[in-house]
Structures are given as C-alpha cells and as structure tokens.
Amino acid sequence: MKYMLMMNAPGKGPYQIGSWPKADIQAHIGHMIALNKTLRAAGEFVAAEGLTGPDQAKLIRAGTDGAPITDGVFPESKEFLAGYWIVDVESPARAYEIAAAASAAPGPGGAPMNMAIEVREVMSGVPPEFL
C-alpha cells in the first residue's frame with residue numbers, strides 16, 4: 001500500500017527554517033536524510049522532496065481561452081506544504097510510524113518540532129464505484 005505523507009509547516013511569512021542557526025538547519029535536514037536512508041534500506045522509500053515556501057507559490061487555473069491565469073504568492077498562509085514522502089508499506093500503522101518519525105525532526109535548539117504530518121493512501125486506480 002502506498003501512502004503520501006505531507007509535512008505541513010506553520011505559515012506566518014517566508015519559510016522560517018531559513019532564519020534558524022546553521023547547526024539547527026543541518027540537524028533538521030540530517031534527520032530527514034537519515035529517515036530516507038532507513039526507508040530505502042527497508043524497501044519502503046518511493047519518493048521524498050522538500051518544497052519552497054509559500055512566498056514562491058502560485059495557483060494556476062485555465063482562463064476561458066485555456067491560457068493560464070495565475071494567483072499568488074501566499075506568504076500569509078496559516079500553514080503550507082513543506083515537503084512530502086511517498087512510501088510503500090504493508091499497513092496504515094507503518095505509514096503512521098514513519099509520519100511520527102518525520103514529525104519528530106529537530107527544530108531550533110534541537111527540540112522535536114512535532115509538526116503535523118498528513119497521511120493519505122495513494123489510490124492504485126479508479127475506485128470500482130466510479131467505473
């Protein structure tokens with residue numbers, strides 16, 4: 001079963017990790033790298049990426065002529081998607097364990113951030129009721 005684990009960071013302006021002391025940033029990123037290595041070794045890693053902050057985000061929709069219409073940036077967002085993992089695991093419980101490990105990434109001063117990680121199953125196809 002594949003799951004997407006989405007790390008949501010609090011908003012309040014540009015991506016705040018950039019204002020942390022260098023050692024705290026290195027510890028935070030080191031935690032993520034170690035988690036990814038563990039997932040790879042277990043055969044559970046599919047993908048993971050960090051994302052830029054909401055100060056660089058745009059919403060795009062098609063205009064009446066099909067041309068892109070942009071909206072944004074959104075630095076005032078209450079929270080935003082900071083990054084994600086896609087994992088392939090045997091059970092929802094394992095996906096929750098991985099999410100908890102990601103949530104515990106250290107923040108300023110080394111304290112666990114305990115950020116919310118949204119866990120959603122990746123659909124393997126169209127549900128039969130929609131066919």
For the student: nearest non-hydrogen atoms of Met4 and Val122, plus distance: N-CG2, 3.8 Å

Backbone N/O of Ile60 and side chain of Thr70: donor-acceptor pair under 3.5 Å: no

Minimum heavy-atom distance Ala104-Asn114, with the two atoms named: CA-OD1, 4.1 Å

Distance in Å, Asn36 CG paired with Glu44 CD, rounded so as to fall on 0.5 Å steps: 12.0 Å

Heavy-atom pair with the smallest gap, counting every atom of Val126 and Leu131: CG1-CD2, 3.7 Å

Nearest-0.5 Å distance, CZ of residue Phe45 to CH2 of residue Trp85: 10.0 Å

His28 to Pro106 - nearest heavy-atom pair and separation: ND1-O, 2.8 Å

Test item: Thr38 side-chain N/O and Ala34 main-chain N/O as donor-acceptor pair under 3.5 Å: yes

For Asp88, all residues meeting side-chain hydrogen bond (donor to acceptor under 3.5 Å, both in side chains), sequence neighbours excluded: none

Distance, nearest 0.5 Å, that separates CG of Asn8 from CD1 of Ile117: 7.5 Å

Side-chain touch Met32/Met7, heavy atoms, less than 4.5 angstrom: yes

Test item: His31 side-chain N/O and Gly107 main-chain N/O as donor-acceptor pair under 3.5 Å: no

Minimal non-hydrogen separation, Pro108 against Asp24, with atom names: CA-OD2, 3.4 Å

Heavy-atom closest contact (Val119 atom, Tyr3 atom, distance): CG1-CD2, 3.8 Å

Separation between CG of Leu39 and CD1 of Ile98, rounded to the nearest 0.5 Å: 5.0 Å

Lys2 NZ to Glu121 CD distance, which is reported to the nearest 0.5 Å: 11.5 Å

